Amino acid sequence: MSNNFNSFSKIIQKKSNGIELKNNEINFVVKNYLADEISDEQMASFLKTVINKGLSKNETYYLTKAMQQSGETLDLSELYPVADKHSSGGVSDSTTLLIVPILASLGVKILKMSGKGLGFTGGTADKVLCFQGLNNNLSIEQAINITKQTNGCFITQSENLAPADKKIYELRDKNGLIESIPLIASSIISKKLASGSDIILLDVKFGSGAFMKNLNEATELANLMIDILKQESKKACAVITSMEEPLGDFVGDELEVFESISILMGNKKNNLLKLSEYLSALILSMAKNINLNEAKKQVRETIESKKALEKLKQIVKVQGGSLNIFDEEFKSFKVNLKAENSGYIQKINTENIGFLTRKHKGTFNNFLGIEIKARTGRKVSENSNLAILHFKDNANLINVKDIEKDYKRCFEISNIKSIKQFKLIEKIIK
Ligand code: URA
């Protein structure tokens, strides 16, 4: 222990002096922290030094590999090639619910591991449970068998993948040490490498509802992650997309599942569809070695012909979920959220919409979520609808006024007409 302490002190000292750490030194820190030989306080001071001094590309790669190798790496070779996508968190981002059936219907295998909602972002692991009875708590063998049968599967994140990242992430979260591009890159990619897929698409978000608040930071994060994936011989590309507004029209798990089904039925066209088509086409072009335009055509065709819808039904059924939701009309009790004054929407506080929805859903079990009606740049008149609040029924609505007040603050309205146009897809990094 005292030997360990001496070595650890030297490593922190070296980093503080701006000297690049070696692979064995980073490995030492990760291994000993996971084994409780380095305390939370010591690790927090190491992470603070890393945040102050930064990490070189080599150091980031070593950290990624050390965290990946702290647990198992899944062997998906019998499904080769397997695709995966990762979104760096968002609000009303149900692209996974669309991309999995779209790709599976086009013959691309995608065994999608997802986490639960975190902070202001929703999680696919929660959303798929809205298909009553669906089991996503599967062993990897079960998930491989389902993917062989259907090409697609929804599964929860395994506890054995990158356990060092899990422990370090929790410490970062508790101590406000999340915001570091190399730490975020190594955290995300350690899990991607451990989950064993061959083709990886990263949707890196920036803006109000994302970890990266601006385009430059998002680009730096994307470049770093793509570098590591390329070093590991993965087929990979990243797309930088805006999270200045909720992606789809609905926020709240049940509402988002309903929205995804409506889109696959052909009843709804919005930014959620646009981005899902784009991300699916990028993955398809990597999986089949075809150009992006051809891939876009195939993606559109599988949606329009309802093959993607049928594929989603097949996956849900094989995973034990009920198909009733596909036939039922979505019913809810609605409360309009009205603008208090006229003007133009300057900004939507997307992060707060995400937080509030998770908070109010956790507090009032009657609350389903919010449907966004007014978008950035839109002219609104007094009393026109900014959004609609959805409830399961009209029982126990005593707190509606408080919920309304909270959400109204998320829409910034003023008389200024010229505002920047919202642009969804900024660039691709290969
Ligand atoms: N998501 C992760 O998995 N890790 C981070 O550090 C940030 C977002």
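The shown structure was predicted, so the numbers you read here are calculated from the model rather than taken from an experiment. Both ligands and their constituent atoms are indexed starting at 1 by order of listing.
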Option set I184, I181, L177, I188, criterion heavy-atom distance to atom 1 (N) of ligand 1, minimum:
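Answer by nearest heavy atom: I188.
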Interfacing atoms of ligand 1 (cut-off 4.0 Å, heavy-atom, S187)
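Answer for ligand 1: 2 (C), 3 (O), 4 (N), 5 (C), 6 (O).
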A student checking ligand 1 against Y169 at a 4.0 Å heavy-atom cut-off should list atoms 2 (C), 4 (N), 5 (C), 6 (O), 7 (C)
Does the ring of Y33 carry K167 above it, NZ/CZ under 6.0 angstrom from centre and within 45° of its axis?
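Relative to the ring axis of Y33, which defines the angle, K167 lies inside both limits.
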Any side-chain donor paired with an acceptor under 3.5 Å for K311 and Q314?
yes
Do K85 and T96 have a side chain donor and acceptor closer than 3.5 Å?
yes
Kindly write out the residues that satisfy side chain to side chain contact (heavy atoms under 4.5 Å, CB included) with S77, not counting sequence neighbours, or none if the list is empty.
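For S77 the side chain to side chain contact (heavy atoms under 4.5 Å, CB included) partners, ignoring immediate neighbours, are D75.
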Tell me: protein heavy atom nearest atom 3 (O) of ligand 1, and distance?
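That would be K191 NZ, 2.5 Å.
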Could you find the nearest protein heavy atom to atom 8 (C) of ligand 1 and give me its residue, atom name and distance?
F211 CE1, 3.6 Å
Just to verify, what does N366 make a side chain to side chain donor-acceptor pair (under 3.5 Å) with, not counting sequence neighbours?
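Applying side chain to side chain donor-acceptor pair (under 3.5 Å) to N366 gives D393.
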